[in-house]
K.L.:
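Okay, handing you the structure first.
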2 protein chains.
Amino acid sequence: MAQGAPGPGGGESLLFLTDEQLRKGIEAMFFAYRGFTADPDRILEDLDYGRAHHRAMHFIHRSPGTTVNNLLSILGVTKQSLNRVLRTLIEDGLVESRIGRVDKRERHLYLTPKGTELERTLSDAQRARMRAAYRSAGPAAVQGFRQVLEAMMDPELRRQYQTLKEGGA
Amino acid sequence: MAQGAPGPGGGESLLFLTDEQLRKGIEAMFFAYRGFTADPDRILEDLDYGRAHHRAMHFIHRSPGTTVNNLLSILGVTKQSLNRVLRTLIEDGLVESRIGRVDKRERHLYLTPKGTELERTLSDAQRARMRAAYRSAGPAAVQGFRQVLEAMMDPELRRQYQTLKEGGA
DNA sequence: CTTGGAAAGTCAACAAGGCTGACATAAAAT
DNA sequence: ATTTTATGTCAGCCTTGTTGACTTTCCAAG
């Protein structure tokens with residue numbers, strides 16, 4: 001399927017949809033994701049935290065007061081898995097869990113000042129790389145980057161992403 | 001840093017470098033990567049393999065006869081970690097390991113017909129999603145996508161990626 | 001030719017962070 | 001009063017990383 005050169009009747013250059021081009025895109029995702037996580041990972045390994053802690057803090061920072069259930073659906077892990085991470089963050093005083101006022105079953109999550117500080121250190125590192133990449137590629141490339149990524153998401157995740165996107169904009 | 005609106009003297013719109021824009025890019029990477037791996041993961045979970053097996057098969061398919069050491073540097077894991085994956089693939093007859101003719105310490109890796117078949121099933125699934133994303137975003141967006149990803153890689157990984165890229169082109 | 005180090009690969013044991021299942025509690029909804 | 005929902009916890013499993021110790025092979029210096 002779409003292996004070799006496209007037939008001469010291919011219309012307006014569908015060359016970018018060849019298996020070869022797609023494979024390059026796949027490999028680009030693989031290598032880029034390593035870079036994407038490399039800087040926070042380096043910082044985290046000195047502390048006793050992992051990537052899972054970073055993700056939790058990122059989204060709590062992003063939506064302060066979010067509930068456990070909400071976070072669960074964003075992160076796409078089981079509550080047991082998230083709970084392990086959350087427990088250590090709470091014990092270490094990076095995250096605060098407040099019982100809901102209207103629905104007392106819910107726990108609303110907030111970063112403490114200490115948690116905010118670590119989150120900031122981690123995202124500064126991650127943003128620095130992203131900023132350098134954006135700057136070197138330019139605004140038009142960035143727009144294309146975002147378009148392709150968005151099209152690559154599962155529909156449900158795309159909705160989650162867009163909800164977050166609007167909230168912050 | 002670069003938090004709020006940029007000053008009026010910002011030149012030609014550096015709005016795409018605000019922390020807010022960068023954060024959207026970070027979240028887009030996070031959600032898109034989930035989609036990126038979702039289809040092969042679904043196939044793999046029925047068999048007894050994981051994402052690590054997929055990665056190994058991908059790059060063996062890509063560079064038949066590659067050595068373990070070579071694969072190691074591409075995948076960025078320890079040889080012990082790779083070895084476990086490789087061992088099961090060899091036991092199950094998906095990968096063949098041939099002792100090097102010139103240097104007998106080296107093992108050259110090849111996919112067997114059975115391995116080629118599974119690799120194809122997995123990459124077909126992954127390419128299908130990538131193709132849909134590419135098609136919906138269009139060739140200009142794809143170019144930008146690749147530019148940003150490439151800029152995001154660690155320099156060493158970028159070299160690896162480019163070497164692979166040329167080899168296949 | 002021998003010997004010592006480097007390189008490639010393998011085996012064993014451990015850790016992080018996913019997962020499932022079972023169960024407890026409190027609050028809300030019916 | 002009963003059921004459902006939100007959360008938390010314990011136990012145990014799996015994948016895939018890690019480090020350490022070891023073997024085999026190669027090569028180069030003596």
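Keep in mind that this is a model prediction, so the values were computed, not measured. Lettering of chains follows the sequences in order, A, B, ..., and the numbering in each one begins at 1.
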K.L.:
Check A/Arg62, A/Arg127, A/Arg55 against B/Glu27 for a salt bridge (Lys or Arg N to Asp or Glu O under 4.0 Å) and give me the one that passes.
P.N.:
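In the set A/Arg62, A/Arg127, A/Arg55, the residue that makes a salt bridge (Lys or Arg N to Asp or Glu O under 4.0 Å) with B/Glu27 is A/Arg62.
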
K.L.:
Less than 4.5 Å apart, side chain to side chain, heavy atoms only: is that true for A/Arg135 and B/Phe16?
P.N.:
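They are not in side-chain contact.
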
K.L.:
Test side-chain hydrogen bond (donor to acceptor under 3.5 Å, both in side chains) on A/Ser123 and A/His58; report intermediate values, then the result.
P.N.:
CA-CA 8 Å; A/Ser123 30; A/His58 174 99; 5.8 Å; no

K.L.:
Output, in order, the C-alpha distance, side-chain angles, deciding distance and verdict of side-chain hydrogen bond (donor to acceptor under 3.5 Å, both in side chains) for B/His108 and B/Thr66.
P.N.:
CA-CA 5 Å; B/His108 298 274; B/Thr66 188; over 6 Å; no

K.L.:
Can you tell me how far P of C/dA15 sits from OH of A/Tyr49, to the nearest Å?
P.N.:
19 Å

K.L.:
Find the distance A/Arg87:CZ to D/dT9:C1' and express it as a whole number of Å.
P.N.:
7 Å

K.L.:
How many whole angstroms separate atom CG of A/Leu44 from atom C1' of C/dA15?
P.N.:
16 Å

K.L.:
Specify the residues of residues 89-112 of chain B, ordered by number, for which at least one heavy atom lies under 4.0 angstrom from an atom of DNA chain C.
P.N.:
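Contacting residues: B/Arg105, B/Glu106, B/Arg107.
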
K.L.:
Atom CD of A/Glu45 and atom C1' of D/dT18: how far apart are they, to the nearest Å?
P.N.:
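Taking CD of A/Glu45 and C1' of D/dT18, I get 11 Å after rounding.
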
K.L.:
Does a side-chain N or O of A/His53 approach OP1 or OP2 of C/dA16 to a distance below 4.0 Å, or not?
P.N.:
no

K.L.:
To the nearest Å, give me how far apart CG (B/Asn69) and C1' (C/dT10) are.
P.N.:
14 Å

K.L.:
side-chain contact (heavy atoms from CB on, under 4.5 Å), that's the test. Do A/Asp39 and A/Ile43 meet it? Break it down for me.
P.N.:
CA-CA 7 Å; A/Asp39 302 318; A/Ile43 296 171; 5.7 Å; no

K.L.:
Within less than 4.0 Å of OP1 or OP2 of C/dC19, is there a side-chain N or O belonging to A/Thr78?
P.N.:
yes

K.L.:
With no angle test and no hydrogens, is the base of D/dG20 tied to the side chain of B/Gln80 by a donor-acceptor pair under 3.5 Å?
P.N.:
yes

K.L.:
Tell me if the aromatic rings of B/Phe30 and A/Phe59 count as close, with their centers under 6.0 Å from one another.
P.N.:
yes

K.L.:
Between the base of D/dG17 and the side chain of B/Arg84, is there any donor-acceptor pair under 3.5 Å?
P.N.:
yes

K.L.:
Rounded to whole angstroms, how far apart are CG on B/Leu72 and P on C/dT10?
P.N.:
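Interatomic distance, CG of B/Leu72 to P of C/dT10: 11 Å.
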
K.L.:
Please confirm whether A/Arg98 makes a cation-pi placement over A/Tyr110, using NZ or CZ under 6.0 Å from the six-membered ring centre and within 45° of the ring normal.
P.N.:
yes

K.L.:
How close or far is atom P of D/dT9 from atom CG of A/Leu82, stated in whole angstroms?
P.N.:
12 Å

K.L.:
I want to verify a distance call: between C/dC23, C/dA7, C/dC19, whose nearest atom is closest to the A/Val77 side chain?
P.N.:
C/dC19

K.L.:
Taking the side chain of B/Asn83 as its heavy atoms from C-beta onward, which of C/dG9, D/dG17, C/dC19 lies nearest to it?
P.N.:
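Among C/dG9, D/dG17, C/dC19, the one nearest the side chain of B/Asn83 is C/dG9.
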
K.L.:
How do B/Leu86 and A/Arg51 order along DNA chain C: which one's closest nucleotide is nearer the 5' end?
P.N.:
B/Leu86

K.L.:
B/Leu75 CG to C/dG9 P: how many Å, rounded?
P.N.:
13 Å

